[in-house]
S.K.: 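Before I ask anything, here is the structure I am working with.
Protein chains get the first letters and strands the later ones, always in sequence-line order, with residue 1 at the start of each.
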Amino acid sequence: MLKLEHITKTYPGVLALNDVSLTFEQGEIHAILGENGAGKSTLIKIIAGAISPDPGGSITFDERTYPQMTPALSAENGVAVIYQDINLVTPMTVAENIFMGRKMGKIYSKRRLNKLARELFDEYGFQLDPAMPVEKLSPANQQMVEIARAISNQAKIMIMDEPTAPLAASEVELLFSIIAKLKAKGVTVIYISHRMEEVFQITERISVLRDGCFVKSLNTADTNRKELVKLMVGRELNESFPERRGRIGDVVLEARDLTGNSVEHISFQLHKGEILGFAGLVGSGRSETMELLAGARKLDSGEILLNGRKARITSPASAIAQGIGLIPEDRKEQGCILFNTVRFNISLSAMKLLTKFGVISGRKNTALAEKYRSELRIKVPRVQQMVVNLSGGNQQKVVLAKTLAADPDVIIFDEPTKGIDVGAKQEIYNLMNDLVAQGKAILMVSSDMEEILGMSDRIIVLYEGLVSGELRREQFSQENVLHLASGLQ
Amino acid sequence: MNEKNIGRSLSSAGGYLYQEGTVYIILAVLVIFFAILNPTFLTGRNIYNLITQSTYIIIAGMGICFVMISGGIDLSVGNQMAVCGCVAAILMLETDLPFWVVWPVCIVVGLVMGCLNGLIASKLKLFPLVVTIATSEVFKGIAYTMTSSKSYSGMPDGFRALYKTKLLGLPLDVYLALLIVAATWLVLNKTHFGRDVLAIGGNKECARLSGIKADLVQTLCFAITGGIFAIATLDMLAQQNMTSATTGPGTEITCLTAAIIGGISMKGGKGNVVGMVAGILVMQIIANGMQLAHWGTYAQYTVKGIILLLAIGFDALKNRPRPMVRVRKEAAQPQKK
């Protein structure tokens, strides 16, 4: 039905997919499993034609073989992808969205569209009103509209990327019954999910990806969770992490029962000189927890204690004033001002040091920027250079410099090495070690398994907005982290 | 060796003009064009007129700097001017208050109107464009109601002294404008607050996460814009000696055009005061030069519009994304094989 052969995709510095060959049979429900960054999304995008693989591989639909796909070509071959983000024209009705872009009869009749949509809904058991504007629907129902649209397009291969993420339990049941009907009609469903229990419930075959490589395809009936977790993580830890030098001291930050911003009852203690890792799948609430601590989002309930005293954190400004600095996840949107200079960016959080009666000292500002340029080895000819012209690793160092300039006691690193090259990664690890050796405390969110195991002193694992477990150094293993992150006890 | 250095500094000056200097090139071209077209353009008399007529627009331009560099836009300033002008006229002509009371009262009125815009835009997280279109109508209504559509003329001498008194051959308000330009430059380039304004204009979320009170700074920018426009209104009233609810509206478009020509980004986070002044001079020279050439006042609008389109077009052209390292074609060829 669909055969992928020798698919490789390289991005500068990263091998996203490495010689992957996979076969999907007609009418099967086939799960693709893998950790964050295993290459699942890249694979889908290649099938959908959104990105093109490196030359050398081939994609075969029944008899036709292509070296690469385009969106039009993949639609022609009956591929439909239900992405996690919704792609609908929200002011228009459900029926209009389903039949969008197709000529339905000689004249445009809403009533005809509604009737056709109603027939489709009755056949598959959707509970939707065709005449309802899409913007009035819940995210779950909007996703149902996307699925209905794919069905009405006579999709032969339906790829679902985390389809149950926005759904409630009853809606998941509905989705599964729709998938079963699709299967009965001979549609192939490629199902991507982090939720192991769903995979066992509905899929027949499972393919595991790890670090861009194809690991194994198995029949769902012949395997179990333990084996799958093992296949997903069975990797040698080959990156070397610098030796920790400092000693762990007293509690500097304590979170008690933090609730709000889609996380609940988060409690933990952070010690001086410690790196506390936060692991979990994408969307498990790690960054959301950090936003609460850094004052970027409002806390509904719970309290934060700094050095044993209750801290009132109402805004990022107050968090910084009390010694909590955040290095945000999205460097370009949240971390720095791209179209301004390195010097300007480094000064942002440290204005108190640079100003007297509200007037900036240009000399002190340059000195501060030069200090961090040499300390962090930011590769830039002049500090007056625009940040946008720097490489990812150097941009990240600018964000680091900005946060460190405010001299925080607790530093939150959210995905500190996302999208930066190996050399810069090592430098950032060394820097984190230097910081804890100086007695600072670090909270680190990371989706990189090696990084979280290699750098943390303890790991807290989150699952769906709750703490699912805590691991001490001697309990560190990929299996343990993944068990907790998948919500298995 | 020496030649090389000269060549390098020349090319870097050329690069600067290309990147930042659109407005100076336009300015120079216009001056040469009108000077050739009409010999009276470069006479002392005409230059004096040009400067004295530009003062209140230059002051107003400094106001729009704050709101635009902070990433916002304020379309209500024209009608804010109408309100301020009418308040001043009514206070002076109907209650005989002295000008030194009228001045602070008007500035406070301006600050309050700006503050209102800023609070609505930042607290309700609405687009400043939409907010100020709405408040603009509100202010217009207030101005008309207050004046019952009358116009006022014959301001007291004490008030008009700002324009009538001369120091070193130039009216006092020229010095006021210079003072405000210098103050704006200082605030935007040398103070903590100015840095915050540039930061929220560049990336509001990043500024907020870096500990800048972004909503407060945004509101203050609108308030300062309102305050400076009140000063511009008072200067305009001292010059023109008459006002009504229709005096003022239109200035916002002149100022916005001048700002864009002067290199202040519509997206915020970028811009310099000197470019803004040059932008205003471009607008004023077009008006003045066309008047001298007897081309009629209305054709001005067309010419100003075309100049604006050219400036935006040129900016878009030079800001197109380019590869960071240019690969020469001959060098790239052999790799392909």
S.K.: Would you kindly say whether A:R286 and A:S447 are connected by a side-chain donor-acceptor distance under 3.5 Å?
M.R.: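 Indeed, the side chains of A:R286 and A:S447 share at least one donor-acceptor pair under 3.5 Å.
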
S.K.: Given a strict heavy-atom distance threshold of 4.5 Å, which part of B:L186 is in contact with chain A: side chain, backbone, both, or neither?
M.R.: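 Neither part.
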
S.K.: Regarding A:D407 and A:K352, does a basic nitrogen lie under 4.0 Å from an acidic carboxylate oxygen?
M.R.: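 Result for this pair is no, no salt bridge flagged.
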
S.K.: Assess whether a salt bridge exists between A:E288 and A:R297, defined as any Lys/Arg side-chain N lying under 4.0 Å from an Asp/Glu carboxylate O.
M.R.: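 No.
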
S.K.: Against chain B, label A:L348 side chain, backbone, both or neither, depending on which of its atoms sit under 4.5 Å from a heavy atom there.
M.R.: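 Both backbone and side chain.
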
S.K.: Any ion pair linking A:D414 and A:R331 (charged N to carboxylate O, less than 4.0 Å)?
M.R.: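 No, A:R331 and A:D414 are not salt-bridged.
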
S.K.: What option among A:D330, A:T355, A:L354 has the most heavy-atom pairs under 4.5 Å with chain B?
M.R.: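 Between A:D330, A:T355, A:L354, the count favours A:T355.
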
S.K.: With a 4.5 angstrom heavy-atom cut-off, which part of A:E291 approaches chain B: side chain, backbone, both or neither?
M.R.: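 A:E291 has no heavy atom closer than 4.5 Å to chain B.
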
S.K.: Are a donor atom and an acceptor atom from the side chains of B:Q218 and B:K204 found within less than 3.5 Å of each other?
M.R.: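 Side-chain D/A pair, B:Q218 to B:K204: present.
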
S.K.: Name the region of A:K356, side chain, backbone, both or neither, that has any atom closer than 4.5 Å to a heavy atom of chain B.
M.R.: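 The answer is neither part of A:K356.
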
S.K.: Do you know which of A:S347, A:A296, A:A406 has the most heavy-atom pairs under 4.5 Å to chain B?
M.R.: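 Looking at each of A:S347, A:A296, A:A406 in turn, A:A296 comes out on top.
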
S.K.: Need one label for A:F344: side chain, backbone, both or neither, based on atoms under 4.5 Å from any heavy atom in chain B.
M.R.: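 For A:F344, backbone and side chain are both near chain B.
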
S.K.: Are any of the side-chain nitrogens in A:R343 or A:E370 under 4.0 Å away from the carboxylate oxygens of its partner?
M.R.: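 Result for this pair is no, no salt bridge flagged.
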
